[in-house]
Amino acid sequence: MRIYLETMGCQMNRLDSELLTGVLRAAGHEMVADPRQAEVLLYNTCSVRQHAEDKVHSRLGPDLRRKADSHRPILVGVLGCMAQRLGSLLPARYTGLDLVAGPGQLAHIPAMIAQAAAGKPAFALDGADCAEDFDAIDLARDASFAPQRSQAFVRITRGCNKRCAYCVVPAVRGPEVSRRPEHIVEEVRRLIDAGRSQITLLGQTVNSYRWAEAGRTVRFSDLLAMVSGVPGLRRLRFVTSHPIDFGDDVLAAMRDLPNVCPYIHLPAQSGSDAVLKRMDRRYTRSQYDELVDRCRRIVPGVVLAGDFIVGFPGETDADQAASAELIRHSAYKNCFVFKYSPREGTAAAQMPDDVSPTVKRQRNHELLAVQREVGLAHHAGYVGRELEVLTEGPSRRVDKQARLPQPGRMQLVGRTVGDHIVVFDGPIDLAGQYVRVRITGATSLTLFGQRCDD
Ligand code: SAH
Ligand code: SF4
Ligand code: F3S
């Protein structure tokens with residue numbers, strides 16, 4: 001069948017969609033980019049904020065109306081975190097919905113589609129046994145297929161054992177399970193053999209990775225060492241790290257293993273002790289500051305990125321000022337700032353959502369403005385330097401391309417080891433290649449430069 005699959009969540013969801021695409025193609029289905037051409041519409045959904053769920057609701061109504069009006073059969077399915085969170089509420093609300101599947105059900109989707117096509121709606125949520133399936137689908141991955149030519153994601157853990165008061169992820173993704181290290185190395189080896197040179201290890205809190213068996217314990221730093229030794233792996237990245245569990249062993253591994261990129265996405269969420277405590281983040285402001293200092297001391301040139309939530313219950317102007325100050329102290333390359341969204345069933349949902357939408361919006365703008373300053377100073381520090389860039393492809397800033405002089409050349413975009421975005425001119429066939437770029441300009445989010453051998 002012709003299948004349209006749209007992904008709405010985080011990097012983990014995108015990897016799920018990539019793996020699912022492989023599974024569907026192996027089952028003989030064809031993926032299409034235009035929903036109007038599709039016989040099956042699938043949404044791989046996110047529940048982290050209400051906004052993410054609203055987007056799915058806004059699609060399902062029209063899709064199901066179209067299905068009812070259409071002469072040819074269309075199947076509509078909701079997969080992933082929102083399916084897991086809402087479960088049977090979805091088919092109850094949407095008559096005609098054909099398929100509802102939790103994030104651990106990827107391997108079963110072809111059978112579910114077949115069942116739905118035979119007229120029987122298919123419904124499968126993740127249960128306690130889900131961990132057994134996990135890993136099998138990663139190992140069965142078709143390494144030759146990937147959305148990006150030179151880079152791939154590999155998951156090392158599933159689920160999360162932290163209980164941040166605001167967060168729905170542990171409820172929808174289940175408890176944390178680590179994959180066997182040899183399986184991870186094997187998957188990386190296959191991806192490298194298939195032409196990838198950059199691997200990003202993925203987990204909700206990668207640094208709590210731990211594999212213990214028969215007297216042997218593999219920590220995250222040990223895993224980094226194992227994976228970094230795969231021949232042909234030029235860049236090894238990982239996301240996301242939790243500020244606790246971030247031992248010197250990980251920082252030493254980053255310093256000593258030449259292909260491990262000096263980039264850490266280290267969400268702080270707030271700069272205020274009172275808010276951190278209510279969020280149950282398990283560290284204080286001074287512990288976070290100390291960690292940032294330690295990262296900078298041990299890993300030369302380390303680049304940091306952050307996440308913040310504004311408008312958490314009870315957040316005051318003084319708390320907000322503390323977050324702004326933390327952004328300055330951390331000197332992040334970039335920062336994601338989210339407006340607090342109460343999630344049913346979480347601890348924070350019991351607290352009054354007492355910061356008004358207007359104040360949330362103001363605080364969001366305020367932190368982003370501080371980050372723009374900090375980001376500009378950070379990026380400006382690279383002007384005049386020569387950096388290695390992994391070329392991704394044409395830059396989306398097509399506006400400038402009209403002014404380019406030679407045919408066959410265009411504005412390209414790539415990333416440095418520190419995850420900086422670099423825009424430069426060159427031939428399109430550089431995509432997937434490493435080039436050296438001299439940096440000539442900077443904005444708060446982007447570096448601009450010229451290829452050294454140009
Ligand atoms: N496991 C990762 C990512 C979690 S979700 C981590 O721990 O960093 C990504 C980000 O969404 C979080 O870092 C947090 O900043 C934000 N987030 C999570 N729950 C939220 C909520 N209820 N409202 C607003 N933002 C939220
Ligand atoms: Fe959510 Fe916290 Fe787990 Fe991240 S560490 S997924 S924010 S509970
Ligand atoms: Fe990711 Fe959203 Fe699920 S952030 S883990 S897709 S709730």
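Whatever order the structure lists ligands and atoms in, that order sets their numbers, starting from 1.
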Any salt bridge linking [X] with [Y]? Criterion: basic side-chain nitrogen under 4.0 Å from a carboxylate oxygen.
X	Y	value
Glu176	Arg210	no
Glu213	Arg216	yes
Asp273	Lys277	no

Considering Val310, Asp307, Val48 one by one, which has a heavy atom nearer to atom 10 (C) of ligand 1 than any of the others?
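That would be Asp307.
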
Which atoms of ligand 1 sit under 4.0 Å from any heavy atom of Tyr340?
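Answer for ligand 1: 23 (N), 24 (C).
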
Counting from 1, what ligand 1 atoms have a heavy atom of Gln204 closer than 4.0 Å?
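Reading through ligand 1 atom by atom, the close ones are 1 (N), 2 (C), 3 (C), 6 (C), 7 (O).
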
At what distance is the nearest protein heavy atom to [atom], and which residue and atom is it?
atom	result
atom 2 (Fe) of ligand 3	Cys46 SG, 2.3 Å
atom 2 (Fe) of ligand 2	Cys164 SG, 2.3 Å
atom 23 (N) of ligand 1	Ser341 N, 3.0 Å
atom 1 (Fe) of ligand 2	Cys167 SG, 2.3 Å
atom 26 (C) of ligand 1	Arg49 NH1, 3.3 Å
atom 1 (Fe) of ligand 3	Cys10 SG, 2.3 Å
atom 7 (S) of ligand 2	Tyr166 OH, 3.4 Å

Within less than 4.0 angstrom of ligand 1, does [X] place any heavy atom?
X	answer
His242	no
Lys339	yes
Ile309	yes

Under 4.0 Å, heavy-atom basis, I'd like to know which part of Gln269 is in contact with ligand 1: side chain, backbone, both or neither.
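The answer is the side chain.
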
Any idea which part of Tyr166 is under 4.0 Å from ligand 1, heavy-atom wise: side chain, backbone, both or neither?
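Looking at Tyr166 and ligand 1, atoms from backbone and side chain both fall under 4.0 Å.
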
Backbone, side chain, both or neither: what part of Pro170 comes under 4.0 angstrom of ligand 2, heavy atoms only?
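Pro170 to ligand 2: side-chain contact only, backbone stays beyond 4.0 Å.
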
Side chains of Arg14 and Ser17 in contact at under 4.5 Å (non-hydrogen atoms)
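Counting from C-beta outward, Arg14 and Ser17 never come under 4.5 Å.
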
Flag side-chain contact, heavy atom, 4.5 Å: Leu75 against Leu99:
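The answer is no; the side chains never approach within 4.5 Å.
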
Do [X] and [Y] have a side chain donor and acceptor closer than 3.5 Å?
X	Y	value
Gln50	Arg343	yes
His378	Asn334	no
Gln269	Tyr166	yes

Quick check on atom 3 (Fe) of ligand 2: does Cys160 put an N/O/S atom closer than 2.8 Å to it?
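Of the N, O and S atoms in Cys160, at least one lies under 2.8 Å from atom 3 (Fe) of ligand 2, which means yes.
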
Any N/O/S atom, side chain or main chain, of Cys81 closer to atom 2 (Fe) of ligand 3 than 2.8 Å?
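It does not; every qualifying atom lies at 2.8 Å or beyond.
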
Describe, in one word, how the ring planes of Phe220 and Phe238 are oriented to each other, choosing from parallel (under 30°), tilted (30 to 60°) and perpendicular (over 60°).
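Answer is perpendicular, since the angle exceeds 60°.
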
I need the contact type for Arg173 against ligand 3. Using non-hydrogen atoms and a strict under-4.0 Å cut-off, is it side chain, backbone, both or neither?
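Within the 4.0 Å criterion, Arg173 contacts ligand 3 through side-chain atoms alone.
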
Any heavy atom of Met8 sitting closer than 4.0 Å to ligand 3?
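Judged by the 4.0 Å heavy-atom criterion, Met8 does not count as contacting ligand 3.
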
Polar-atom distance check: Thr240 versus ligand 1, any N or O pair below 3.5 Å?
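No.
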
Sub-4.0 Å heavy-atom contact, Arg173 with ligand 2:
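No heavy atom of Arg173 comes that close to ligand 2.
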
